[in-house]
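Step one of this worksheet: look at the structure below.
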Number of protein chains: 2
Amino acid sequence: MKILIADDDPQIVRALRITLTARGYDVITAADGRAALNAAIEHHPDVVVLDLGMPGLSGIEVIEGLRGWSTVPILVVSGRSESWDKVEALDAGADDYVTKPFAADELLARIRALGRRTPAATDEPTIAFGDVVVDLSARLVTKAGVAVRLTPTEWRLLEVLLRNHDRLVSRETLLTEVWGPQYTTDTGYLRLYLAQLRKKLEPEPSKPRYLLTEAGMGYRFTSDGA
Amino acid sequence: MKILIADDDPQIVRALRITLTARGYDVITAADGRAALNAAIEHHPDVVVLDLGMPGLSGIEVIEGLRGWSTVPILVVSGRSESWDKVEALDAGADDYVTKPFAADELLARIRALGRRTPAATDEPTIAFGDVVVDLSARLVTKAGVAVRLTPTEWRLLEVLLRNHDRLVSRETLLTEVWGPQYTTDTGYLRLYLAQLRKKLEPEPSKPRYLLTEAGMGYRFTSDGA
DNA sequence: TCGGGCCCTAACGAATCCCTAACGCCCCCG
DNA sequence: CGGGGGCGTTAGGGATTCGTTAGGGCCCGA
């Protein structure tokens, strides 16, 4: 997780860099407003810690500049403790406001709280093969644009194969993942449900191009149906 | 925008209610931890303002109880100003922490900042399917131009499905979002209320085109009723 | 006190899904 | 040339889940 520290006080920057780096964060720094905006454009941080009292651009201008194109969480650090200053910064688009001097562990906790709110990176990619598109997170399968109905078992089996695309998945692994660890010998289930998946997804179910059999071993999914 | 105020001090509650109501917020209140959790389940607020010093459950327990099933922004208000208290609350899942006494306009600005962070709900003002139009922000449903009356439970169920359009929503998720986290096995509720929604919204309730069932898994809303 | 809306409980066919069983095919090996 | 194991396919019974209806308790306003 990347954090941009925008502060013109070298002492604070150094202290924060050490503390944050030690906790596994990736730290970028900037010493004035213009540099902060450029650094944000270049590095796309996950959280911005912004000192309002920097030379050059005013802190509010930096916030507005960021908000023009980014929704990155902004934590403002300022020596001014008047409530009007806080209101101005928060309404400009800041997400949190801490007055100096501050406790380091409180700042860290607030950074963690802000970082939690950006799970945007968790949406799983969609997988496509032939005219079929599979959206794993939405549990949605379409073939030539129309939705395909899969039963729970069919879906679990397809999911295991897709998550291991281009890799051979042994029969035992498939049985364990789909039916549970006590069914590792009932290979009949696999034949049955693979056939149903092929019937629903393959362009030519009798000649599989994507859901391939490896006799005696298991099955393999490949997206380049050569 | 709905705000849940959880505080056992009637003075503070009264003052906040007046201030927030004057600014157009919908205010719900609770005087202890248990009541706060119940109110959150029932009303699904957009922001929770939580006093840590309430009788009954500890503030941390309330935060954890909410976080078990909800991502609603939580603003903690507390008389304790030690950084350890702040760290504990923030790491438990709170999003902001303000110490008493606080300036009313600062609290309002922080509430606004938190409210901004849930744009996933507001980026889709109206959803249309068939001859039905749903305005999520106005809580209004029309079918062929005439208003449809939905009960509160029906509305919450429809809302969850619409906010996840084209995505499969598991039975467990639906039950948690609509009835609360302790009803995750009562699938009878879903069958009942889905039927009522279909009766009120589907052109042919016995052959659903938009509110689809995926047996054994959950339900899915799709707007392209092919 | 009454009536209506809302929510929950209970129960019943109907639809769906999973598993069992059997048969034909291909390939390998004897 | 004949047998056998692994695979693909089909059909049908049993269990789970779903859709639907009816009825009772609760709260609230008339």
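Owing to the predicted nature of the structure, the values given are computational and were not obtained by experimental measurement. Just so it is clear: chains get the letters A, B, ... in the order the sequence lines come, proteins before strands, and each one is counted from 1.
In this structure, B:Tyr189 reaches the C:dT9 phosphate: one of its side-chain N or O atoms is under 4.0 Å from OP1 or OP2. A:Thr187 has no side-chain polar atom (N or O) that falls below the 4.0 Å cut-off from OP1 or OP2 of D:dG6. OP1 and OP2 of D:dT20 both lie 4.0 Å or more from every side-chain N or O belonging to B:Arg198. Within the structure, a side-chain polar atom (N or O) of A:Trp179 is placed less than 4.0 Å from OP1 or OP2 of C:dC19. Phosphate proximity of D:dT10 to A:Lys199: present, with a side-chain N or O under 4.0 Å from OP1 or OP2. Neither OP1 nor OP2 of C:dT16 sits under 4.0 Å from any side-chain N or O of B:Thr213. Of the side-chain N and O atoms in B:Tyr193, one or more sit less than 4.0 angstrom from OP1 or OP2 of C:dC8.
Heavy atoms of B:Gly188 sit nowhere under 4.0 angstrom from any nucleic acid atom. Base engagement by A:Leu192 is indicated by at least one non-hydrogen atom pair under 4.0 Å involving a base atom.
One interatomic measurement links the two molecules: CZ of A:Arg220 to C1' of D:dC7, which rounds to 18 Å at whole-angstrom precision. Between B:Leu190 atom CG and D:dT20 atom C1' there is a gap of 15 Å when expressed in whole angstrom units. Computed from coordinates, the B:Arg191 CZ to D:dT16 P distance equals 14 Å when rounded to whole Å. Per the geometry, CD belonging to A:Gln196 stands 17 Å off P belonging to D:dC7, to the nearest Å. The OH-P distance, from B:Tyr219 to D:dT17, rounds to 12 Å in whole Å. Regarding B:Tyr183, its OH atom lies at a distance of 7 Å from the P atom of C:dC8, rounded to whole Å. Taking atom CD on B:Glu204 and atom C1' on D:dG19, their separation rounds to 15 Å, with Å as the unit. For the pair A:Asp186 CG and D:dG6 P, the interatomic distance rounds to 14 Å; values are reported in whole Å.
Between the side chains of A:Asp105 and B:Ser83, at least one donor-acceptor pair of N or O atoms lies under 3.5 Å.
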Could you please spell out the steps behind the salt bridge (Lys or Arg N to Asp or Glu O under 4.0 Å) verdict for A:Arg209 and A:Glu204? CA-CA 8 Å; A:Arg209 294 170 58 183; A:Glu204 222 173 336; over 6 Å; no
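Taken over five-pair windows at either terminus, the axes of the helix from C:dT1-D:dA30 to C:dG30-D:dC1 are inclined to one another by 10° (rounded to 10 degrees).
Counting non-hydrogen atoms of neighbouring residues, nucleotides and ligands closer than 6.0 angstrom, the CD atom of B:Gln11 reaches no more than 12 such neighbours. Heavy-atom neighbours of A:Glu214 CD from other residues, nucleotides or ligands within 6.0 Å: above the threshold of 12. Around the NE2 atom of A:His165, the shell of radius 6.0 Å holds no more than 12 heavy atoms that belong to other residues, nucleotides or ligands. For A:Arg67, the CZ atom counts as densely surrounded, since its 6.0 Å shell holds more than 12 non-hydrogen atoms of other residues, nucleotides or ligands.
Closest of all the heavy-atom pairs between B:Arg156 and B:Glu42 is NH1-O, 3.0 Å.
Between the side chain of B:Asp32 and the backbone N or O of B:Ala35, at least one donor-acceptor pair lies under 3.5 Å.
Of the residues in residues 150-176 of chain A, those placing a heavy atom less than 4.0 Å from an atom of DNA chain C are A:Thr151, A:Pro152, A:Thr153, in numerical order.
Side-chain contact between B:Asp7 and B:Val49: absent, with no pair of heavy atoms (C-beta onward) separated by less than 4.5 Å.
Aromatic ring orientation, A:Phe221 versus A:Phe129: perpendicular (interplanar angle above 60°, classes split at 30° and 60°).
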